[in-house]
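Each remark here refers to the structure printed beneath this line.
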There are 2 protein chains.
Amino acid sequence: MTEKTVQTIADLARLAGVSKSTVSRALSDSPLIGEETKERIRALAREHDFQINASASRLSLKESRTIAFVSHPYYQKKGFGVADLFMLEILGGISTGLAKSHYDLLMAYVDPSDTEWPARYLKTGRADGFILMTSTRKQHHIKALVEMKAPFIIWGTPPANQCFCSVTGDNFGGGKLAAEHLLRSGRRKIAFLGGPAEELEVQKRFEGFQSAHLEAGLTLDPALVTYGWFSNESGTERTRTLLEQHPEIDAIFANSDFMAIAALRVAQEMGRRIPDDLAVIGYDNLTIAEDSDPPLTTVSQNIPLAGKLLAQNLIQYLQTGVVTNVSIPAELEIRKSA
Amino acid sequence: MTEKTVQTIADLARLAGVSKSTVSRALSDSPLIGEETKERIRALAREHDFQINASASRLSLKESRTIAFVSHPYYQKKGFGVADLFMLEILGGISTGLAKSHYDLLMAYVDPSDTEWPARYLKTGRADGFILMTSTRKQHHIKALVEMKAPFIIWGTPPANQCFCSVTGDNFGGGKLAAEHLLRSGRRKIAFLGGPAEELEVQKRFEGFQSAHLEAGLTLDPALVTYGWFSNESGTERTRTLLEQHPEIDAIFANSDFMAIAALRVAQEMGRRIPDDLAVIGYDNLTIAEDSDPPLTTVSQNIPLAGKLLAQNLIQYLQTGVVTNVSIPAELEIRKSA
DNA sequence: CTGAAAGCGCTTACAG
DNA sequence: CTGAAAGCGCTTACAG
């Protein structure tokens, strides 16, 4: 017979010669319990590797102390791109933020066309709130969440008339930083190689880009402003068109590292030397940005911090109802391409 | 006053005019309940959007119906690479596999030097089992898991003397496929650009590579076999050395797409035309393999399937104690580089 | 500061 | 086939 392990607070109470109530209070650090008693019980718990049962605690508390990270299944997806790498990195930050408040991180892969999932997670008590990244049919899901008053936070810029928590990168600042750097190095024919024009993030980056020009007393040539997807292919195609139609371009500000790296390649094929003939700046500072040829100068966001804030601000909202909308700063990671 | 919602099985029981026991049994599809009764209760549950409380159910069942995916925090990591993209893709598969059995997926970010985490998750009843990918100090964690008899499954090849569940890619088959393809196209001076020599995966790929040569009646030139890291940098450096010392090389089989893409670039810089002068094959079939120049021929593994099997086989182990070790097939994704 | 007792919402052995 | 009752392991209002 191995020594009977201490499984419940009742076992611990017996050992300590106190009641279950006292053990429970001691372990949750209640002010009702004397410091000596607490310490004695804690020592006993440590000694016997005691861990409180989460299901029982959650049932009693009526809280799951769990946050669901909402993502989509990859049924028809072929591969993984920017958004995915980004998501992975932010997940780490989220987990750090949640751990601080002893919350668990649940992965919720939901069908993009489903709107019942918030109810399913909330009513079963499997999650207390949700974190949403950019996703297919995002507005659609946000609407469902708002309607059922589900607690959630999003990565991205919330529409002006909405009231829910968000964390976003400083896209205006990022666009501005990029343009300022290029202008400072004497570039005057700078192309804006944007992501989808309808995305708020992209619009903000453009505004920052524009603002840097205005402050320098320069006006933008609208012909050098173009939009596409964040992908490699889109970057390739847009860059080619841009350089063919406007050979005078001396710099490109791309809205993603993938686009920027594509631009690098196309430009070099077309005989431009980087950065002498053409400077290129990307966005996101993914790993691939270090390995490009030449290494990519790019706008960097503190993604772990973003994750941590997503976690902490959602928990704060759960506990106090305070709605926060925060923006994290952008920095320029200067390498060789600009 | 809004209509009072149905929160518990007691509410539902009242509505249906039966006992809680009956409702509970009906919802869990117990054979004890008549089909008509079941259907009536289910209809009522649907109508009122009733969802069973997970904490209560788990407390009663003494199961969390939750699997923890074990990963490490990214404190000092700068960026994300192969392993990460791979992990993200497999996570999707795992979630699919778990969903089928109504298990939840929890992210467990644990300190690589900690060995207490399995106890923490198990004793609190937050997880019933663990999924481990390649990780820092993997053997160390496996040892801890085995010692405390924690249920788990790993991605990778288990050491021969161990008895626990695993899912792995067919690395032997992958190496063989690559070599066969190169030999078939007439290559005779094929370099093996390996990952770390001590990794079982790498050893298996080499064995497959070798086996294809032997079957073709050819012997390997040991000078063309080299090991490094899976990274871009390592690929660059090894390829350069290889091509400088052995200009006769007419093909390279790289152990990762990152290495292969680096090889592509270096070889082209050194004046080789791909695939005419030099054929290159990678491993993993990541997104970046499609976008390389030229597009990369690479060994592809069915990652979503791998994830699904990790989930299903772990659950099977939990429920039946059956230990499975499965290997998923490798395929060659032929593009332009070989 | 501490304890006895009720309650959180399920599941299931037992009795019918 | 159905129900009353005990039990899962916590938390906390209430009483002292």
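Nothing here was measured: the structure is a model prediction, and the numbers come from that model. Here is how names work: the chains are called A, B, and so on, in the same order as the sequence lines, proteins then strands, and each is numbered from 1.
- At the heavy-atom level, A/S21 lies under 4.0 Å from base atoms of the strands shown.
- Rounded to an integer number of Å, the gap from B/D11 CG to C/dC8 P is 11 Å.
- Under the ring-ring contact (aromatic ring centres under 6.0 Å, His included) rule, A/F130 has a single partner from A/F69, A/W117, A/W155, which is A/W117.
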TODO: Output, in order, the C-alpha distance, side-chain angles, deciding distance and verdict of side chain to side chain contact (heavy atoms under 4.5 Å, CB included) for A/Q51 and B/R120.
DONE: CA-CA 7 Å; A/Q51 300 280 345; B/R120 234 164 29 237; 3.5 Å; yes

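- Comparing B/L32 and B/Q51 by the nucleotide of DNA chain C whose heavy atom lies nearest to each, the residue mapping closer to the 5' end is B/Q51.
- With A/K38 contributing its side chain and A/L27 its backbone, the two residues share no donor-acceptor pair below 3.5 Å.
- As judged by a 4.0 angstrom heavy-atom cut-off over every strand, B/T8 is placed among residues touching the sugar-phosphate backbone only.
- Within 4.0 Å (heavy atoms only), B/S24 reaches at least one base atom of the nucleic acid.
- Among the heavy atoms of the strands lying under 4.0 Å from A/L61 are primed sugar atoms or P, OP1, OP2 only; no base atom is included.
- One cannot find a donor-acceptor pair under 3.5 Å joining the base of C/dG9 and the side-chain atoms of B/R58.
- Residue B/R14 contributes atom CZ, which lies 12 Å from atom P of C/dC10 at whole-angstrom precision.
- Between the base of D/dG7 and the side chain of B/S60 there is a donor-acceptor pair shorter than 3.5 Å.
- Using a 4.0 Å heavy-atom cutoff across all strands shown, B/T37 reaches sugar-phosphate atoms only and no base atom.
- With D/dC10, C/dT2, C/dC10 as the choices, the nucleotide that has an atom nearest any side-chain atom of A/K20 turns out to be D/dC10.
- Proximity of A/F164 to A/V146: side-chain heavy atoms (C-beta onward) are separated by under 4.5 Å at one or more points.
- C/dG16 and C/dT12 have their C1' atoms separated by 16 Å, given to the nearest Å.
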